[in-house]
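Data first, discussion second: the structure below is written as structure tokens.
Note that the coordinates shown come from a computational prediction; the quantities given were computed from them, not determined experimentally.
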Amino acid sequence: MTDPKAGTSAETGGTQAIGEVVSSAKMPVGRFGFRFGLAIVIVAVLMAVLGPYLVPHDPNEQDLLGRLAGPSWTHWLGTDALGRDVFSRLIVAARVDLGVAFLGAFIPFIVGTVLGGVSAYFGSIWDLAVTRLVDLVLSFPLYVLIISLVAIAGGGVKPLLVVFTLVGWVGYARLIRSTVLRIKNEDYILAARLGGVSHLRILVRHIWPNAIRSSLTLLVTDMMFVLLGLASLSYLGLGIPPPTADWGGMIADAQPYMQQQWWLIAAPGFMIGLIGAGLMLIGERLDDR
């Protein structure tokens, strides 16, 4: 007769072997995706930093006689409805869009980390106040809240950063709070308290460095969502005001001509999708770690 325990152990061993094969297959793919996404982001950052000094034309210079021209050696991606060089505007827009995407995620990251860490560490009225404030922000539909705040604050880089901060900090605060609640009673934290170390030093040296690791993935993916949110707001006329080049604004301006001059929409849309994919690949790799 066949031993059922032997069969069970064989099945378990086979399952573990399959899991190891799948994990070993996913690791090279994950590394390649991370490197590919990192390369995309690095090239985009270099384009944002150096692009305005290398563009062949003034991105705001109008030539009404040459409006809606097709791609050529003079204008690599043609011209828009006002005769402006599309390639130059595409490159210059990277500085605005990537700058807002980074700051629109990083500032909420700082605010949420500080508030979430303080509320969890001290507890009592601090924790109650931050928790209720988080619940208040989350009680509103996200996109309705963003559009309403932008409509009140107005367009432009600074108002948009304020809006993204007011809405985005709650995710980091919740994540940091849950992490700090778990680690604040660890032995090394208790030893630091008994040793007379100040609360500020404990937070800065021991709590926050260990807590923020869990929110790095959220930071990277938030950059992607801020980039998409900025493009959506600019498309609706609530984002970056003209004549400043912006990918969402370029898509909105090109919409009436999309059937004949399809590249006017395809170029900024491709940039948004490519950088968003790069950030997503980086975020997935960080999440796996």
Side-chain angles (χ1 to χ4, degrees), residues 34 37-38 41-42 45 48-49 98-140 142 145-146 149 152-153 157-227 229-230 279-280 282-289:
F34 172 77
L38 187 61
V41 173
I42 290 175
V45 171
V49 174
L98 293 182
V100 173
F102 174 75
L103 293 177
F106 186 72
I107 297 176
F109 167 76
I110 296 298
V111 174
T113 298
V114 172
L115 293 180
V118 169
S119 67
Y121 181 78
F122 291 105
S124 186
I125 188 65
W126 296 98
D127 192 32
L128 180 63
V130 173
T131 303
R132 292 296 176 265
L133 192 57
V134 168
D135 293 339
L136 177 63
V137 176
L138 293 178
S139 64
F140 295 95
L142 177 62
L145 180 60
I146 292 176
L149 291 175
I152 295 173
V157 173
K158 292 181 179 180
L160 287 173
L161 292 178
V162 171
V163 171
F164 285 130
T165 301
L166 291 175
V167 175
W169 70 272
V170 295
Y172 300 102
R174 295 178 67 189
L175 185 58
I176 293 296
R177 177 181 177 273
S178 64
T179 306
V180 173
L181 285 175
R182 187 183 72 251
I183 67 176
K184 74 173 185 178
N185 293 321
E186 295 287 342
D187 292 339
Y188 67 95
I189 301 296
L190 298 176
R193 290 178 181 173
L194 293 175
V197 181
S198 65
H199 294 306
L200 179 61
R201 187 175 180 85
I202 291 175
L203 282 169
V204 174
R205 294 291 300 273
H206 302 289
I207 298 290
W208 279 323
N210 291 298
I212 62 175
R213 296 175 184 175
S214 60
S215 60
L216 291 179
T217 302
L218 179 60
L219 174 62
V220 174
T221 54
D222 249 13
M223 292 182 190
M224 178 184 66
F225 287 121
V226 172
L227 180 65
L230 173 63
L279 292 171
M280 182 184 67
I282 296 174
E284 286 184 351
R285 181 59 176 169
L286 293 176
D287 190 39
D288 291 338
R289 294 171 69 91

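- In this structure, G168 and P108 approach most closely via the heavy-atom pair C-CB, 3.7 Å.
- Contact between L103 and L161 at its shortest, heavy atoms only, is CB-CD2, 3.7 Å.
- No side-chain heavy atom of M224 sits under 4.5 Å from any side-chain heavy atom of L227.
- Residues V100 and F164 have side chains in contact (heavy-atom distance under 4.5 Å, counting atoms from C-beta outward).
- S198 contributes a side-chain N or O that, together with a main-chain N or O of R201, makes up a donor-acceptor pair within less than 3.5 Å.
- No side-chain heavy atom of Y172 sits less than 4.5 Å from a side-chain heavy atom of I110.
- Note that OG1 of T165 is 11.0 Å distant from CG of L149, once rounded to the nearest 0.5 Å.
- Put simply, OG on S215 and CD1 on I212 are 6.5 Å apart, with the number rounded to the nearest 0.5 Å.
- Between F122 and W126, the two ring planes are tilted [angle within 30° to 60°].
- With hydrogens and angles left out, the side-chain atoms of Y188 and H206 include no donor and acceptor closer than 3.5 Å.
- Within the model, atoms CD1 of I189 and CD1 of I202 stand 6.5 Å from one another, a figure rounded to the nearest 0.5 Å.
- When every heavy atom of V180 is checked against every heavy atom of A211, the shortest pair comes out as CG2-CB, 4.0 Å.
- For the pair V137 and L145, the minimum side-chain heavy-atom distance is below 4.5 Å.
- The main-chain N or O of G116 is found under 3.5 Å from a side-chain atom of S119 such that the two form a donor-acceptor pair.
- Taking CD1 of I207 as the start and CD1 of I183 as the end, the distance is 4.5 Å to the nearest 0.5 Å.
- Side-chain contact between W169 and V134: present, with at least one pair of heavy atoms (C-beta onward) separated by less than 4.5 Å.
- Each of V111, T113, I107 was compared with F109 under the side-chain contact (heavy atoms from CB on, under 4.5 Å) criterion, and only T113 meets it.
- Note: L216 CG to T221 OG1 = 10.5 Å, rounded to the nearest 0.5 Å.
- Legend: salt bridge (charged side-chain N to carboxylate O under 4.0 Å, His left out) pairs involving residues 166-192, not counting sequence neighbours, sorted by first then second residue: D127-R177.
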